[in-house]
Amino acid sequence: APSRACSALSILSVRRPLPVTNLPVKQAEQQRKCGRGLSGGWVYWAVSMAAAGGGTGALNKEEKYDRQLRLWGDHGQEALEAARVCLINASATGTEILKNLVLPGIGSFTIVDGRAVAGEDVGNNFFLTKNSIGKSRAQAATELLQELNSDVSGNFVEESVEQLLENDPTFFLGFSVVIATQLAESSLLHLSTVLWAADVPLLVCRTYGLVGYMRLAVKEHPGKCLGHHSISVIATQSPVAPMGRNKYSVAKLPVYC
């Protein structure tokens, strides 16, 4: 039977520029056991991350995080490992965001979600399975996300954000950042008011099929102003263009410091 590392592989969709031929013997064997016709360097990276989570071939941090250490150095990795992330709603968007934070090694994460897993969740969320239908969505997503990196501590709260804001609004103040996905506007306004007063960054994300948006609510950085710049946002438009190709619009949004 495939090991638990296979389940981590089956939900991983990050590509890395290394050839599969660089796979060590034990990791190549793991790939064959998983029975997946995968190609590209991301297989090497995924198996390495999964193997580092347990078993006899655990990697030290220098080897495990080699490529990202080349980007932001030890100080950047230390800041990442000290981060405490709160995700509100284990939606498909939310778990994908959290996956990309768990893999490089944040300190800990907590999922807040009072809903149970439904059939529609299994259809669009790689971190939920048929066996988890009817169970806590926060718990099911936490268990699979933790398989990706044993260095990361995962927790879950089986309550809605509305209940927490009413009973214990200070709960959210202990996090480095709060990520809210698919959250109702009334709850979002209440949450943003609490976090803004406590200087806790809030990242708001919502998706509508292939279109989505994200917004960061954080006070102005006290450092030197770097001027203003713009970011490009790409969104699909309907109707579908001839030859089955979607029309795309690119908007330049000004961003000021």
Side-chain angles (χ1 to χ4, degrees), residues 68 72 76-117 121 124-128 136-146 148-149 151-208 211-223 231 233 253 255-257:
Q68 62 199 50
W72 50 64
Q77 187 63 30
E78 290 173 0
L80 192 65
E81 292 175 2
R84 302 178 306 279
V85 179
C86 176
L87 171 66
I88 298 176
N89 291 330
S91 62
T93 302
T95 53
E96 284 296 315
I97 293 173
L98 202 51
K99 175 201 73 177
N100 291 320
L101 295 174
V102 170
L103 287 172
I106 55 174
S108 64
F109 70 86
T110 299
I111 297 179
V112 176
D113 196 330
R115 299 182 182 180
V117 179
D121 294 320
N124 65 6
N125 195 325
F126 288 114
F127 293 89
L128 299 173
S136 165
R137 193 164 70 165
Q139 180 179 1
T142 298
E143 290 174 351
L144 282 181
L145 282 164
Q146 280 193 289
L148 296 178
N149 194 342
D151 291 338
V152 180
S153 173
N155 306 284
F156 61 91
V157 176
E158 297 179 55
E159 289 186 57
S160 66
V161 64
E162 292 80 9
Q163 291 175 316
L164 281 175
L165 286 172
E166 181 178 352
N167 300 327
D168 185 17
T170 60
F171 168 83
F172 297 100
L173 306 187
F175 296 101
S176 306
V177 62
V178 176
I179 304 170
T181 65
Q182 313 299 102
L183 194 61
E185 183 178 359
S186 58
S187 302
L188 191 57
L189 290 174
H190 188 180
L191 177 64
S192 63
T193 301
V194 172
L195 297 179
W196 183 269
D199 291 334
V200 178
L202 171 63
L203 179 63
V204 181
C205 303
R206 178 173 284 274
T207 55
Y208 305 89
V211 181
Y213 73 83
M214 60 183 294
R215 181 177 182 180
L216 179 63
V218 62
K219 292 184 179 180
E220 182 176 346
H221 194 280
I231 58 175
V233 178
L253 303 181
V255 179
Y256 299 89
C257 66

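Since this is a predicted model, take the numbers as computed values, not measurements.
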- How far does CD of Q68 sit from CD of Q77, to the nearest 0.5 angstrom? 4.5 Å
- Query: Would a distance-only check, ignoring hydrogens and angles, find a side-chain to backbone donor-acceptor pair under 3.5 Å from R115 to R137?
  - Reply: no
- Could you give the distance from OG1 (T170) to CG (N167), rounded to the nearest 0.5 Å? 11.0 Å
- Given side chains that start at C-beta, do those of T95 and F126 come closer than 4.5 Å, heavy atoms only? no
- Task: Apply side chain to side chain contact (heavy atoms under 4.5 Å, CB included) to V177 and list each qualifying residue two or more places apart in sequence or on a separate chain.
- Result: V85, P201
- Sorted by chain and number, sequence neighbours left out, ring-ring contact (aromatic ring centres under 6.0 Å, His included) with F175 holds for F171
- Query: Does a side-chain heavy-atom distance below 4.5 Å link E96 with F127?
  - Reply: yes
- Query: Are any side-chain N or O atoms of S108 and backbone N or O atoms of V152, one a donor and one an acceptor, separated by less than 3.5 Å?
  - Reply: no
- The single option from D121, T181, T207 that satisfies side chain to side chain donor-acceptor pair (under 3.5 Å) with S91 is T181
- Going from OG on S187 to CG on L164, what distance comes out if it is rounded to the nearest 0.5 angstrom? 11.0 Å
- Message: Test your reading of the model: is there a side-chain donor-acceptor pair from N89 to the backbone of V161, 3.5 Å cut-off?
- Response: no
- Note on the structure: Correct closest heavy-atom pair for N125 and A90 would be ND2-O, 3.1 Å
- Message: If I compare all heavy atoms of Q182 with all of R206, which pair ends up nearest, and what's the gap?
- Response: OE1-CA, 3.1 Å
- Item | Nearest-0.5 Å distance that lies between atom CG in D151 and atom CG in L103 | 11.5 Å
- Measure the CG-OG1 distance between L98 and T93 for me, rounded to the nearest 0.5 Å. 12.5 Å
- Query: Just by modelled atom types, is the V102 backbone N or O under 3.5 Å from a matching donor or acceptor in the Q146 side chain?
  - Reply: no
- Closest non-hydrogen atom pair, V112 against S160: CG1-C, 4.5 Å
- Task: May I ask you to test the L191-F172 pair for a side-chain heavy-atom distance under 4.5 Å?
- Result: yes
- Closest heavy-atom pair, L173 versus A198, reported as atoms and distance to 0.1 Å, is CD2-CB, 3.4 Å
- Task: Return the minimal non-hydrogen interatomic distance between W196 and A217, and the atom names on each side.
- Result: CZ3-C, 4.3 Å
- Query: To the nearest 0.5 Å, what is the distance between OG1 (T142) and CD1 (I111)?
  - Reply: 3.5 Å
- Task: Please report the shortest heavy-atom distance between A180 and L183, naming the atom on each side.
- Result: CB-CD2, 4.0 Å
- Item | Pairwise side-chain contact, L87 with F109, heavy-atom cut-off 4.5 Å (strictly under) | no
